[in-house]
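Just so it is clear: chains get the letters A, B, ... in the order the sequence lines come, proteins before strands, and each one is counted from 1.
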There are 2 protein chains.
Amino acid sequence: MDASENIEEAIEVLQQLGLKEYEARCFVGLTRLETGTAKKLSELTEVPRTRVYDAIRVLEAQGLVEIQHSSPQRFRAVSLDEATETLRDQYEDRVERLHDALETVEIVDEDDEEPIQQVWAMSGQDGIENRTEDLIETTTDEIVLVIGDESLLTDDLVDTLQEVENGIDLLLGAVNESLEEELRAAVPNATTFISGLEWLHGENAEADETAIGRLLLVDRSTILVSSIVPDTKVEQAIFGEGFGNGLVVIARRLMAQGLISPHDPIS
Amino acid sequence: MDASENIEEAIEVLQQLGLKEYEARCFVGLTRLETGTAKKLSELTEVPRTRVYDAIRVLEAQGLVEIQHSSPQRFRAVSLDEATETLRDQYEDRVERLHDALETVEIVDEDDEEPIQQVWAMSGQDGIENRTEDLIETTTDEIVLVIGDESLLTDDLVDTLQEVENGIDLLLGAVNESLEEELRAAVPNATTFISGLEWLHGENAEADETAIGRLLLVDRSTILVSSIVPDTKVEQAIFGEGFGNGLVVIARRLMAQGLISPHDPIS
DNA sequence: CACTTTTTCACTCGATTAATCACAACACCT
DNA sequence: AGGTGTTGTGATTAATCGAGTGAAAAAGTG
């Protein structure tokens, strides 16, 4: 049965959410038990009986578990919806506190440096997607976006694209027809095309099969290119700003040659 | 200046959100620096210079920081909005995974026990509030809610109260006039009153000044009573279900004597 | 009052994290 | 080129924290 997989998954996730192993095990144990004593819980979860109490106390303080002060004590988990809601509240609260604390701070005066040719790297699907959406939202003239893997076309991204103002040129490229299809359907106000992005798989196709992720060129002055590393599926991106930026220049050159757009060159 | 307090706060919160100390310090450092090298960061944040690199790497992998691969390397934080959004996404994803994993599991068959006189305890404002709202939403006939501290009257709670169906009696008590005022304004479809809840401060007023938090009686069969411990401000609650439950019986008795409601007794 | 079960608490061991150090690679200067 | 300070990596030590164990107090049971 894959129930035990789910149990393990739940325990892992709870730990990522900040619980200790015993706490996670106990909570999951309780969700399967309706109501339980330390003994039953210990048997079910492999947590040493003598430590169940500590774990439960912590869980209770977080509002995830109720305690019946009888003897023996009975424990039970709050409903799944209540639990997730509580966790959400907790996290939302933290993120907000972080936001408040940082927005008032900012900026130590700076002996500035050369603002030239900056190319930045970032990784992680979430962060790159947020940056992508950010850039799209601040565009004034033109967006060129090529999607190289359908896993990157999230609902959020589609939403962002649909809300692009009418005055802005929106060019959406895909690496194959089915994806183009999808794009056209999802974002009717865009011009779609099949990208000539063989330059990654094509002539440069050496050993490592680096898959292209996305390519975003905004107002011909800011570019973001990402790739997906074959093994780990991690998305990595580089990001350049400024009309004179080397990366951006290269991107314009590519466009001029019709490689990433169906349009005529504008050198 | 309280800027440094905010900085400490931010570092703490980031750790609660799962970052290590060095990672948190580096991130906060970068939000104050526009762009920084390992050396500058180390000076600003007290993180050993040689450890800055590791910290930045994990931040980068989380999408919180960008790296410029020059020499020396330059780092910069993504915008505050991007960062919080990324953190939110991350968390939301986890909570969802938890939900999915647990909803398919549930329930180990049980040699049932006596379902009598159960009184449960829980603590933590978040959890108690969620339970309160849950109970309000599932009411069929009557809600009696007494609020003992204005800090408990959150927007969420007000929303929940406003959405109570018309057929349901909604009685809202407060411990003083200003709070009653507030309640009446926020929830017009309710009957409000000043509660006679001296039984906590009054005759029982021993040494410890236990402040009453909230008292909720739903359909005369489920009750939740909370108090706020003086020092730590932590809210603690007890919770009983079932018409025959001891706690519930006591609550009905109190009502019958007009102590927690302006209405006539229904024994 | 013996005798079990439940509960708390203090302690060991191992793993993770913070902190320091040694060294190789590199940029910069004359 | 060669010297000099800076930059990045890896190894090493020290401190901290959590998992696991056992002793003993407290509560129940016959």
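Rounding to the nearest 0.5 Å places NE2 of A/His99 at 10.5 Å from CD of A/Glu92. Separation of atoms CG (B/Leu14) and SG (B/Cys26) is listed at 11.5 Å; rounding is to 0.5 Å.
With respect to the salt-bridge test (charged N to carboxylate O, under 4.0 angstrom), the residues B/Arg97 and A/Glu12 do not qualify. Checked for salt-bridge contact, B/Arg76 and A/Glu241 meet the test: a charged N lies under 4.0 Å from a carboxylate O. Salt bridge B/Arg131/B/Asp134: absent, no basic N to carboxylate O contact under 4.0 Å.
Between B/Leu41 atom CG and D/dT7 atom P the separation is 12 Å, expressed in whole Å.
Between the A/Arg51 side chain and the A/Tyr22 main chain, no donor and acceptor come within less than 3.5 Å of each other. Of the possible polar contacts, none joining the B/Arg49 side chain to the B/Ser42 backbone as a donor-acceptor pair under 3.5 Å is found.
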How would nucleotides 4-9 of chain C be written as a contact map, 5' to 3', with B for base contact, S for sugar-phosphate-only contact and - for no contact, using protein heavy atoms under 4.0 Å? --BBBB
Verdict with supporting geometry, A/Ile67 and A/Ile56, side chain to side chain contact (heavy atoms under 4.5 Å, CB included): CA-CA 8 Å; A/Ile67 299 179; A/Ile56 294 286; 3.8 Å; yes
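Near DNA chain C, defined here as any heavy-atom distance below 4.0 Å, the residues from residues 12-30 of chain B are B/Lys20, B/Glu21, B/Tyr22, listed numerically.
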